[in-house]
Number of protein chains: 2
Amino acid sequence: MATTQPAAVDRPATIHDIAALCGVAASTVSRALSTPDRVNIRTRQRIEAAAAQLHYIPNSQAKALSSGRTGAVGVLVPDITNPFYFDLIRGTQLQLKAAGYTQLLVDTEESDEVEASTLEQLRKSADGIIVAASRLTDEALLAAAAKMPLVTINRDVPGVPAVIIDTPSATSQALDHLVSLGHTRIAYMAGPLTSQSSTRRWTTLSEAAEERGVEVRRLGPFAPKTQSGAAAADAAVHSGVTACIAFNDLIAIGMLQRLRERGLRVPEDMSIVGCDDIFGADFCNPPLSTMASPIEQAGRVAVSMLLARLNPLAGGGTRSRSVMPTHLTVRGSTGPARQAL
Amino acid sequence: MATTQPAAVDRPATIHDIAALCGVAASTVSRALSTPDRVNIRTRQRIEAAAAQLHYIPNSQAKALSSGRTGAVGVLVPDITNPFYFDLIRGTQLQLKAAGYTQLLVDTEESDEVEASTLEQLRKSADGIIVAASRLTDEALLAAAAKMPLVTINRDVPGVPAVIIDTPSATSQALDHLVSLGHTRIAYMAGPLTSQSSTRRWTTLSEAAEERGVEVRRLGPFAPKTQSGAAAADAAVHSGVTACIAFNDLIAIGMLQRLRERGLRVPEDMSIVGCDDIFGADFCNPPLSTMASPIEQAGRVAVSMLLARLNPLAGGGTRSRSVMPTHLTVRGSTGPARQAL
DNA sequence: ACGGTAATGACAACCGATTGCCAAACTTTG
DNA sequence: CAAAGTTTGGCAATCGGTTGTCATTACCGT
């Protein structure tokens, strides 16, 4: 191969080019750019001028190799096409970019295996990881968190920093709302068995139901997709309930569609409550009553928590758990209970 | 700092560890793993066994630095929260993962500056780039494409490989549909001025309108968000048209909401056609007539085109332009024209 | 004016792989 | 059995930075 071409035209500039131009050593250039205080101000200015002139852009690969830090953070979501994650992703993206980090977004396809292998993969190519709605076991998450900085979203494992969206408390609100409308037979349309959110919500719900003396039965599990809504709707109708609390808005919206197909009216014949207040919840037909939360903010908070771990110097008590408030947003999909058959 | 710990417990294994364990040179390990043919089969098997035993995972940073290839592809979209891109992103992600590449997803925030700087940034950290709905000038895109492999989506610049979603032809279908319903005064609710899609669509539309002897006026521009739909709806009502073709579904859905607020009925008082058939178009109220296209497939094709350039060896004529078909999907938001005032 | 401390910048090792080159070992052939 | 050809695998340079070590210089107080 040809030797180093000093006059290479379009090759991106390196610190060596700058060093040659300024007549200093490459290490001096490195220091001038990363620890300006350790270099004479005049030298530094010459170097900065040369860097600008050569359009120098540091090679992140090389930087990562020698410093051990990649400047990237992995963000794992179970399903990119689920609108719930849009705002989350935007939140992480904005916060990461603001801090000079790159976001590596990966869709784990609702699979614990993909999630585990991605985690292993990212161990070297990212400084830290944010895992949303993990499908892994507590042990696996704990082990992963021991190997590298990791923050979960909507997954509470002792010892692993987490941002929790407090849907359980909103679930109680939803139940109260339905009870106040006269509903006494209510169904919870469960999400994936491996979803901790779904489990937590069901626990809260069944306890709350007992306190209030109403019947709540669990149906499902259903995949968190609109297509699953059809099966959910049929199951709900068959079970004889007058109101449903769905694991998330996708299922709820799917139910809305199916009920309409079957000629049932919402909310007259069946009330539906969703969860997440995703894109579409406000303009579906009827508009969906749902549990809303600051999702984008959850993403930002997760990033902040992670970065606090990566750069401990920047002070501030390192929170290891943050709970995002959730509230019920009532729209048109909930109404007074139909008279009992 | 401490010297290299030969007995470091939890440090990820390197090829040197493998080499030491097998009693060969590191380069042999490298060859055994990347060009197995160049190594004795027995040696290779020993190395593979050792690699498995040590849970060896190649360091992608180091690989990138020495080989010049990063194994990553940048995907730039103007707005992650726009559902249109969900399927696109999923398409690119799946195809990239299948080929062993990592996806670097970046939201350029509808800004040409962010887009340009991201492009420059990615020049070193990605092997190639896919740019969806670029806001850059033709010149800038051409220059970027000259520096590194790049494929655009929905942006036609001579000399730059592209995947084009053929909305113009669908626009004609939409116009025919509206004309057949008796509409003669129609509006096009334009998207961003820097969007080539919007411009192309308007050109096609105004020509088609002339052929058919109907009036189509251009309103806008409107930002591609549901919030802009309110302004769009008001403008449409004020202009006295009976039907609208919107730049995309977000605007169309926003219009639906606004018209409802103002007490106007769709489609009785106003017909609306959207574009993209995004998540939500089928369950809004009324369901939206829109121009649908295989978006996920567009993402896959873009990746295939890019990878064909990255690995020219894998044969196959390298297409530099691919057009995705689009068709009109009629739902409830279009109907017979209201009688002229 | 001199010893001492601080500031400065050059040298070189290093991060973990890839890869050109070459020598040793082995196989084939005359 | 030797010459020629083919594998095989080791050495060392390289990618583009970071960082520890150390020599040099400048500035300080006395």
Side-chain angles (χ1 to χ4, degrees), chain A residues 1-5 8 11-48 50-51 54-71 121 123-125 127, chain B residues 1-6 8 11-48 50-51 54-72 121 123-125 127:
Chain A
M1 188 73 55
T3 54
T4 306
Q5 297 285 339
R11 182 174 49 80
T14 72
I15 55 170
H16 295 94
D17 300 325
I18 299 177
L21 190 59
C22 296
V24 300
S27 58
T28 303
V29 177
S30 174
R31 284 205 176 77
L33 266 29
S34 50
T35 47
D37 305 337
R38 311 260 320 112
V39 164
N40 182 301
I41 186 164
R42 292 180 48 205
T43 310
R44 195 215 313 173
Q45 286 172 344
R46 267 169 48 218
I47 290 175
E48 285 170 350
L54 296 174
H55 294 86
Y56 170 71
I57 297 178
N59 181 318
S60 54
Q61 318 292 331
K63 188 176 291 193
L65 186 56
S66 54
S67 70
R69 268 165 290 109
T70 64
Q121 184 74 36
R123 187 169 163 199
K124 299 248 189 59
S125 44
D127 293 343
Chain B
M1 192 69 58
T3 54
T4 306
Q5 296 285 341
R11 182 175 47 80
T14 72
I15 55 171
H16 295 95
D17 299 326
I18 300 177
L21 190 58
C22 296
V24 299
S27 59
T28 303
V29 177
S30 174
R31 284 202 178 77
L33 296 168
S34 50
T35 47
D37 305 338
R38 308 261 322 111
V39 163
N40 182 302
I41 186 163
R42 292 180 50 207
T43 310
R44 194 215 312 174
Q45 287 171 344
R46 267 170 46 220
I47 289 175
E48 285 169 349
L54 296 175
H55 295 86
Y56 170 71
I57 297 178
N59 181 318
S60 53
Q61 317 293 332
K63 188 178 291 193
L65 184 56
S66 56
S67 69
R69 270 167 290 106
T70 63
Q121 183 74 35
R123 188 169 163 198
K124 300 247 189 59
S125 44
D127 293 343

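Proteins come first, then strands; the chains are lettered A, B, ... in the order of their sequence lines, and each starts at number 1.
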Would you mind telling me which of [options] lies closest to the side-chain atoms of [X]?
X	options	result
B:Arg31	C:dT19, D:dG20, C:dG9	C:dT19
B:Ser30	D:dG10, C:dA17, C:dT18	C:dT18
A:His16	D:dC11, C:dA17, D:dG16	D:dG16
A:Arg69	D:dG9, C:dA17, D:dT19	D:dT19
B:Asn59	D:dC11, C:dA17, D:dG16	C:dA17

Judged by each residue's nearest nucleotide on DNA chain D, which is more toward the 5′ side, B:Lys124 or B:Asn40?
B:Asn40
Between A:Thr14 and B:Ala25, just flag the one whose closest nucleotide in DNA chain D comes earlier from the 5' side.
B:Ala25
Let me know the distance between [atom1] of [X] and [atom2] of [N], rounded to the nearest Å.
X	N	atom1	atom2	result
A:Ile18	D:dG16	CD1	C1'	12 Å
A:Arg46	C:dG9	CZ	P	8 Å
B:Arg38	D:dG9	CZ	P	10 Å
B:Ile15	C:dT19	CD1	C1'	11 Å
A:Arg42	C:dA7	CZ	P	19 Å
B:Ile47	C:dT18	CD1	P	12 Å
A:Ile57	D:dG16	CD1	P	14 Å
A:Leu65	D:dC15	CG	C1'	9 Å

Answer with yes or no whether B:Ser27 presents, from its side chain, a donor or acceptor under 3.5 Å of a partner atom in the base of D:dC11.
yes
Quick check on C:dC14: is either OP1 or OP2 less than 4.0 Å from any side-chain nitrogen or oxygen of A:Ser66?
no
Please name the pair of heavy atoms, one in B:Ala50 and one in B:Leu21, separated by the smallest distance, quoted to 0.1 Å.
CB-CD2, 3.7 Å
So which atom in A:Lys124 and which in B:Pro12 form the shortest heavy-atom distance, rounded to 0.1 Å?
CE-CB, 3.1 Å
If you measure from CG on B:Asn59 to CD1 on B:Ile15, what distance do you get to the nearest 0.5 Å?
10.5 Å
Looking at B:Pro58, is its backbone amide N or carbonyl O close enough to the side chain of B:Lys63 to form a donor-acceptor pair, meaning the two atoms are under 3.5 Å apart?
no
When all nucleic acid strands are considered with a 4.0 Å heavy-atom cut-off, which category describes B:Thr43: base, sugar-phosphate, or nothing?
sugar-phosphate
For B:Glu48, is the CD atom crowded, meaning more than 12 foreign heavy atoms sit under 6.0 Å from it?
yes
